[in-house]
Amino acid sequence: MNHKEAIAIGNFFLALPENPEEKTAQKHIGDLVKILLFHQKKYYEEENPIISDAEFDRLFELLKRWEERYPDLQQNDSPTLRAGTVIQSELKKVPHHIPMLSLSNAFSADDLREFETRCHNILEKESDTPPLSYFAELKFDGLGVALCYENGIFVQGATRGNGEIGEDITENLKTLRSIPLSIPEKKRVEIRGEVLMTKTDFARLNEDRRENGETEFANPRNAASGSVRQLDTSVTAKRPLSFYAFEIFVDGRKEPLLSQEKSEKTLQDFGFFTSPLAVSCKNITEVIETTKNAEENRHRHPFETDGIVIKVQDFSVQRLLGATGHHPRWAIAYKFPAIQVHAKITGITFQVGRSGVVTPVAELAPVQLEGVTISRATLHNFDEVQNKDFRIGDTALLERAGDVIPHLLYPITEKRTGKEIPLNIPTLCPKCSSLLMKKEGEVALRCENRSCSAQISGRISYFCSKAGLDIAHLGPERIQVFLDEGRIQNAADLFLLTKEDLISLPLFKEKQAENIIHALEKAKQQPLWRLVTALGIPLVGPRTAKSLVKAFKNLERIEYASAEELENVFDIGSGVAESIRRFFDQEENRVFVDALKKAGLTVFGEKNEPTIHTSLSGKKVAITGSFEEFTRDELKELLEQMGAEPTGSVSKQTDAVLCGEKAGSKKEKAEELAIPLLSEAEFKKLIPNDLLEKQKEKNIPLPTLF
């Protein structure tokens, strides 16, 4: 279908009556689903929409009305299923047609060589077997699931369970945009992979749960598992989950696809995410080198990974090697060393968050963990402290959850001397001495005093943070100085500061004051969704903020939207709608928002991200591989500011591909289509100096002054 045909079909549907006769709906509903799926692919996968958001919303609402009027006509691949509207009484048990086996493990290069020797010993009985070659990919630390497609339609998704029987999570998996509801293959297809949550999304989810008094997830894997096994699909729909595929069976067999490499390509062609590290290795020596490189770069990936899976490349050889009742003989998991050390708890302090939640924090005798000195670790909540019995003076096992966040697993009771001190749970706020409260159904202790200095500081710090307006040079320490010196009372006051105000403060110099004033001016032109996020509305993160801006276009309409209007926004349920309405109903918040408007902050969605003219203006640019100086999000932001259009895939419409190290199938496709390739160094030369300086300001913090 070309663009002209798609637009014509859309116009045909928009001209139809909203409530047609059943015969008319029955005749056309399949085409309505197809056109919506086409536009969703253009928007989410190719990042190249050809109709406006308003037109898409009208088509989507039309399909919803037809399905509500004639529920028997709803198709299995209907895009309305993404919203998560099913309440299940239980997760049913379903058998796997092909057992989901475990993997045997390797922990060293010698273990990998022994794996190859075992393969050779089995194959020496066979004649005419090709030399062993391998395929290496990341070992995801998520929830393993199997997807079944019949006649090209996604019909069932199940957890791994015990390998023979799993739980039916079909309705929940339909809410994940990274899982196609249909594929271009009419045979029976089973696709295996893992549901993941990125480290950044995990941290944000836990922050939201902490601020709302809910129990935090221990790690991204638990968060993904808990999210996808909900009985209420609307809960799953709100969680930031992704699916990565790594195995495919067609009519119960792999052999027709010939090899792991070709299988990977087929999965990508079907529209699935696959491992960002996927390497064909000619021999075990190349495998060992790949594992070394992967271990050194394990922190570069946006999600947790605990190793590399090595598979024999050729499917005919896999069949000869066979499997035990526990694991295939043709694959092995090389496990990265655990990132854990012992740490001494020297004290437990209390941190008050922006919503008043009081969190216990373990003060540690400084320890080194992968080159990072760690002296503090969250204990999440007081229930966890009591349940795990953490005491001052304990030696505890410390890990970096998600390779980033310091996290104490449990105390090592064998090392106790009897001098350890149990924690006394506070009854008063450590900052303002207000009585701490515990709401029904929450695990958190909370200070209800909105004027508490710690909450004010926390709200302003969040407003300025990367999650909010991303204002350079304004960290919590400097904000605290402004508060202590009486220069500000809320975040809006920041925009009233002058260079002279800052120079009059202790230890501030003229250049530092200029940098901050410059950063505040730039913050006024941030996208509207960032401003909505920065307000700190409970339950509203970047994803929900973007949905609000897409639906209402400007801040005033969001402020005065009714709960019913808010609930009509995609991805926003009654709880979030009530939270938004409650926030704007409070007078202090209305006064705060008015002050931001008077300060000149962006209030209309159209003012987002002003661009400048560059050689990439108007060009579609895909990104692949890993980069030395920039994250993918930073590259995408830079491209947008340079007038380019970052895309999620490579096609004939792509103008260039920005390639980092370990560039994969996107680079190969670009070479096939003769699309120009840009290295990181070449791209850097194209970035205007002012944008490059802005990026440096974000990434290189100034020395701590206070």
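Note that the structure is a prediction, hence the values are computed from the model and not measured.
- A donor-acceptor contact under 3.5 angstrom links the side chains of Q318 and K254, judged on distance only.
- Judged by distance alone, with hydrogens and angles left aside, the side-chain atoms of K199 form a donor-acceptor pair with the main-chain N or O of H301 at under 3.5 Å.
- I248 places a side-chain heavy atom less than 4.5 Å from the side chain of F270.
- Proximity of a side-chain donor or acceptor of D201 to a complementary backbone N or O of M197 within less than 3.5 Å is not detected.
- The main-chain N or O of G157 is found under 3.5 Å from a side-chain atom of T170 such that the two form a donor-acceptor pair.
- The two residues S182 and L37 make their nearest non-hydrogen contact at OG-CD1, 4.3 Å.
- No side-chain heavy atom of P220 sits less than 4.5 Å from a side-chain heavy atom of F303.
- A heavy-atom distance below 4.5 Å is not found between the side chains of T359 and N381.
- Within the 3.5 Å criterion, the main-chain N or O of L409 finds a donor-acceptor partner in the side chain of K388.
- The shortest non-hydrogen separation linking A245 to F272 is CB-CB, 3.9 Å.
- A salt bridge does not link E264 with K262: none of the charged nitrogens is closer than 4.0 Å to a carboxylate oxygen.
- The main-chain N or O of F243 is found under 3.5 Å from a side-chain atom of S178 such that the two form a donor-acceptor pair.
- Considering every non-hydrogen atom in both A278 and F135, the closest pair reads CB-CZ, 3.7 Å.
- With R298 contributing its side chain and G307 its backbone, the two residues share no donor-acceptor pair below 3.5 Å.
- Minimum interatomic distance between F38 and A6 (heavy atoms only, all atoms of both residues): CE2-CB, 3.3 Å.
- Side-chain contact between L138 and V309: absent, with no pair of heavy atoms (C-beta onward) separated by less than 4.5 Å.
- Comment: E565 does not engage R557 in a salt bridge, judged by the lack of any side-chain N to carboxylate O separation of less than 4.0 angstrom.
- A salt bridge is absent between R69 and E22: the closest approach of a Lys/Arg side-chain nitrogen to an acidic carboxylate oxygen does not fall below 4.0 angstrom.
- The closest side-chain heavy-atom distance from V576 to L566 is not below 4.5 Å.
- Ion pairing of K174 with E171 is present here, as a side-chain N (NZ or NE/NH1/NH2) and a carboxylate O approach within less than 4.0 Å.
- By the 4.0 Å N-to-carboxylate-O rule, E194 lies too far from K139 to be salt-bridged with it.
- Across every non-hydrogen atom of P20 and W66, the tightest pair is CD-NE1, 3.3 Å.
- Ring geometry for F13 versus H28: interplanar angle over 60°, hence perpendicular rather than tilted (30 to 60°).
- Residue P360 comes nearest to V385 through the heavy atom pair CG-CG2, 3.9 Å, listed as atom of the first residue, atom of the second, then distance.
- A donor-acceptor pair under 3.5 Å links the side-chain atoms of S227 to the main chain of A223, judged by distance alone.
- Contact check on E167 versus R229 returns a salt bridge, with a Lys/Arg side-chain nitrogen under 4.0 Å from an Asp/Glu carboxylate oxygen.
- H96 and R160 share no side-chain donor-acceptor pair at under 3.5 Å.
- At least one side-chain heavy atom of Q156 sits under 4.5 Å from a side-chain heavy atom of V94.
- Between I98 and R192 there is a side-chain heavy-atom pair separated by less than 4.5 Å.
- A distance-only check finds no donor-acceptor pair linking the side chain of S78 to the backbone of Q74 [under 3.5 Å].
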